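Single-structure report; data block below.
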Protein chains: 2
Amino acid sequence: MTPPRRTPEGTSPQDATTASSPSVPRKAPGVKDVAALAGVSVGSVSNVINRRDSVRPDVRERVEAAIAQLGYKPNPTAQALRRGTSPLVGVAVFDLTNPFFMEAAAAMERVLSREGYIMTLSSTHASVQEERELLEALGRQAVRGVLLTPADCTHEAATRLAAEGTPVVLFDAANAPEGIPSVSIDDRAGAALAIEHLLALGHRRICFLNGPADMRQSAQRLAGVEDALAHWQQLTGADNVRLTVLNATAYTAQAGHCAAENSVSQALQATDGTAPTAIFCANDLLAMGVMSYLRVSGWTIPTDVSVIGFDDIPLAAQMPVPLTTIRQPMDELGTAAAELLLSGTDTPARHLTFNPVLTIRESTAHPTR
Amino acid sequence: MTPPRRTPEGTSPQDATTASSPSVPRKAPGVKDVAALAGVSVGSVSNVINRRDSVRPDVRERVEAAIAQLGYKPNPTAQALRRGTSPLVGVAVFDLTNPFFMEAAAAMERVLSREGYIMTLSSTHASVQEERELLEALGRQAVRGVLLTPADCTHEAATRLAAEGTPVVLFDAANAPEGIPSVSIDDRAGAALAIEHLLALGHRRICFLNGPADMRQSAQRLAGVEDALAHWQQLTGADNVRLTVLNATAYTAQAGHCAAENSVSQALQATDGTAPTAIFCANDLLAMGVMSYLRVSGWTIPTDVSVIGFDDIPLAAQMPVPLTTIRQPMDELGTAAAELLLSGTDTPARHLTFNPVLTIRESTAHPTR
DNA sequence: CTGAAAGCGCTTACAG
DNA sequence: CTGAAAGCGCTTACAG
């Protein structure tokens with residue numbers, strides 16, 4: 001053997017000086033260094049790291065001492081290459097800026113980092129194109145798993161990724177394919193809850209400000225709204241509820257503000273007796289934007305008009321008019337998703353559904369008109 | 001050569017059947033497959049990928065055709081191991097749940113993904129311990145770089161990481177060490193701006209609800225408050241301004257609400273003529289919590305008391321009482337930080353400082369008491 | 001310009 | 001139980 005430890009090409013100027021010139025970043029110790037120090041082979045070092053029990057106690061002790069002395073940490077990249085899987089878990093949400101996702105992401109990170117994984121958080125901007133690209137990139141990274149809020153209803157890319165062996169769990173996706181585990185709340189039931197609350201308060205002219213029509217969440221919440229209405233009519237035998245459905249362009253406060261300005265306010269000002277007395281917004285952010293516009297336009301909440309949201313983001317309770325809303329347990333959702341992912345693929349795919357709960361605060365009241 | 005392509009251990013049941021049983025996940029093609037198809041060596045394949053110009057045009061074409069036909073994508077893990085750097089960029093913030101950080105993170109992701117990097121977003125919970133652990137983990141991942149909101153004022157772990165060769169840029173850190181590039185706004189000037197605004201409106205009894213006293217942001221904003229006061233006294237020659245400084249336990253709406261309940265409201269109710277007529281909150285979230293409590297307690301904003309925040313998160317404009325605040329250009333901050341990171345370490349470390357700007361909305365007015 | 005070979009740092013059957 | 005060796009998929013001097 002010649003001086004073999006360096007790559008032939010990697011001889012930087014500093015390397016020419018004494019092995020450990022103090023200002024030069026010391027090369028991190030590797031298995032070989034540990035093996036040398038402990039007087040064993042690299043295989044044994046690896047064994048104490050990966051299969052502790054299959055190694056004689058005294059060897060283990062020597063190796064562990066060497067590891068401690070050198071401050072040795074395995075190189076995760078090399079482990080990933082060899083094992084075919086890395087300590088990364090990819091999390092892909094629609095929008096990094098939406099508190100709903102971030103609450104869930106924070107919960108996910110809690111369980112992932114507790115188990116030694118690193119969370120890779122990215123946004124798909126609810127685009128199926130970006131989702132596909134991201135999923136492919138994550139697949140190539142050999143991530144330990146992927147937690148995805150799917151934009152693509154066909155679940156094509158996700159299914160492929162799963163078929164290639166990467167555990168995937170769908171988050172906030174109701175119609176998950178059989179083979180892929182999922183965690184979500186019952187959006188439909190949640191929306192029904194909101195309408196029932198409004199109905200119970202006495203509202204008969206209701207505006208539903210939904211999100212973009214092509215999103216699954218929107219479709220389901222609309223279905224829930226219609227469920228509640230149908231049920232009500234069946235119960236009362238009367239066809240006395242008027243529903244106005246509007247769509248915002250995104251699930252953001254800004255979009256809510258715009259929608260309020262452009263369409264909600266017109267509905268509210270109808271003089272033919274159809275003006276809504278309550279607005280159900282498909283998420284809290286939308287509700288905030290709406291309330292903001294309403295206030296500027298001189299409406300008082302809930303006196304002039306009731307507003308109810310969806311999600312119960314932390315800010316909902318902190319609004320000047322604390323928002324009545326449908327609570328999604330974001331924390332539990334995130335935790336469950338992460339745990340499901342790590343719990344392994346051995347069991348058949350499970351689909352967890354959480355129940356939304358009506359949280360009454362001050363933005364809803366009996367109608368005065 | 002014997003049948004050499006498989007790892008000796010990796011012979012799963014399916015592999016025993018015909019090479020490409022349809023239900024089995026096809027092994028992704030590698031350089032060797034491309035080389036074989038193109039009739040060249042793997043070295044040449046690698047060359048067309050990494051040093052396009054050093055390869056004869058006709059060879060390049062054949063290789064590119066093979067790559068396209070096979071849908072070949074380089075394995076980033078192997079590249080990372082060999083090159084010593086991965087396509088990952090680590091971003092570490094205090095709190096995934098704070099819109100300020102997430103706005104910036106969204107901007108960072110925009111530039112990073114445009115350049116082909118993957119963002120790894122994690123939270124340090126503003127703990128120096130967690131920060132150190134995270135930085136070490138990222139270092140071991142051989143990430144392309146790290147964008148950090150530092151909790152540790154000594155910048156010890158960050159400095160070490162940088163010394164080991166990982167590019168680091170500090171984000172929202174004013175007192176960055178010489179050697180590490182940083183991006184931040186002038187917190188001190190921003191806080192002064194807020195106080196000047198209040199003073200100009202005629203307020204003479206001001207409450208400053210700061211964040212946790214041990215955070216750098218808090219210290220600087222307090223300094224800015226004092227600057228403005230000193231300057232005012234110098235200008236007017238009068239010592240007629242009364243400042244009350246309070247600390248919230250965190251930079252959250254919740255903490256703001258608690259602070260309002262526990263201390264701010266007491267100050268407000270002082271009957272000895274010291275009751276503040278305006279409150280400067282060290283961030284918008286705090287301001288939201290405060291406003292929420294104030295409203296419940298019967299105060300009207302801005303008539304009874306003015307409130308001004310800091311950050312200008314998107315929701316600030318969407319509050320029922322749109323919040324006057326000091327705007328940080330989160331987008332630009334994030335973009336600049338990411339670009340600084342990728343622009344390379346060749347230039348001397350740069351420290352970019354952005355100017356905060358006073359954004360007047362409706363939560364501040366002349367005092368009425 | 002191209003091919004063959006070494007090596008990144010690890011893990012894992014396999015033979016002793 | 002341990003050591004030596006092969007190999008994960010790529011990149012890069014180096015010799016032709």
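Every chain is numbered from 1 and lettered A, B, ... according to where its sequence line falls, protein lines coming before strand lines. Bear in mind the structure is a predicted one, so any value in this text is a computation, not a measurement.
- The side chain of A:Ala78 lies closest to C:dC10 when the candidates are C:dT2, C:dC10, D:dT11.
- Nucleotide C:dC10 holds its P atom 13 Å from the CZ atom of A:Arg82, rounded to whole Å.
- Residue A:Ser44 is in sugar-phosphate contact alone, with no base atom involved, counting any heavy-atom pair closer than 4.0 Å across all strands shown.
- With a 4.5 Å cut-off on side-chain heavy atoms, B:Phe171 and B:Val91 do not count as touching.
- The 5' end of DNA chain C is approached more closely, in terms of each residue's nearest nucleotide, by B:Arg83 than by the other of B:Arg83 and A:Val42.
- The closest side-chain heavy-atom distance from B:Leu341 to B:Arg144 is not below 4.5 Å.
- Taking atom CD of residue B:Gln141 and atom C1' of nucleotide C:dC8, one finds them 15 Å apart after rounding to whole Å.
- The interatomic distance linking A:Lys32 (NZ) with D:dG3 (C1') rounds to 15 Å, in whole Å.
- Contact check on B:Glu156 versus B:Arg160 returns a salt bridge, with a Lys/Arg side-chain nitrogen under 4.0 Å from an Asp/Glu carboxylate oxygen.
- Between A:Gln79 and the phosphate of C:dT11, there is a side-chain N or O to OP1/OP2 separation shorter than 4.0 Å.
- Note that CD1 of B:Ile49 and CD of B:Glu64 are 9.5 Å apart. Values are rounded to the nearest 0.5 Å.
- Residue B:Gly39 is the one, among B:Gly39 and A:Asn75, whose nearest nucleotide of DNA chain C lies closer to the 5' end (criterion: closest heavy atom).
- Between A:Leu161 and the options A:Val143, A:Thr166, A:Ile180, a side-chain contact (heavy atoms from CB on, under 4.5 Å) holds for only A:Thr166.
- Closest contact between the side chain of B:Pro74 and the listed nucleotides D:dC10, C:dA5, C:dT12 involves D:dC10.
- Comparing D:dC10, C:dT11, C:dC8 by their nearest atom to the side chain of B:Leu81 picks out C:dC8.
- A close approach under 4.0 Å does occur between a side-chain nitrogen or oxygen of B:Arg56 and OP1 or OP2 of C:dT2.
- Annotation: side-chain hydrogen bond (donor to acceptor under 3.5 Å, both in side chains) contacts of A:Ser86 (sequence neighbours excluded): none.
- A sub-4.0 Å separation between OP1 or OP2 of D:dT11 and a side-chain N or O of B:Asn50 is present.
- Distance CD1 (A:Ile49) to P (C:dG9): 14 Å, rounded to an integer number of Å.
- Mapped onto DNA chain D by nearest heavy atom, A:Val59 and B:Val45 fall at different nucleotides, with A:Val59 at the one closer to the 5' end.
- We find that CG of B:Asp33 is positioned 9 Å from P of D:dC10, with the value rounded to whole Å.
- The side-chain contact (heavy atoms from CB on, under 4.5 Å) test with B:Val183 is passed by exactly one of B:Leu147, B:Leu170, B:Leu333: B:Leu333.
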- Task: Treat a base pair as Watson-Crick or G-U wobble with both distances under 3.5 Å, then lay out DNA chain D in dot-bracket form, 5' to 3', with | for cross-strand pairs.
- Result: |||.||||||||.|||
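- As rounded to whole Å, 13 Å separates atom C1' of C:dA4 from atom CG of B:Asn47.
- Note on B:Gly30: only backbone sugar-phosphate atoms sit closer than 4.0 angstrom, heavy atoms only; bases stay farther off.
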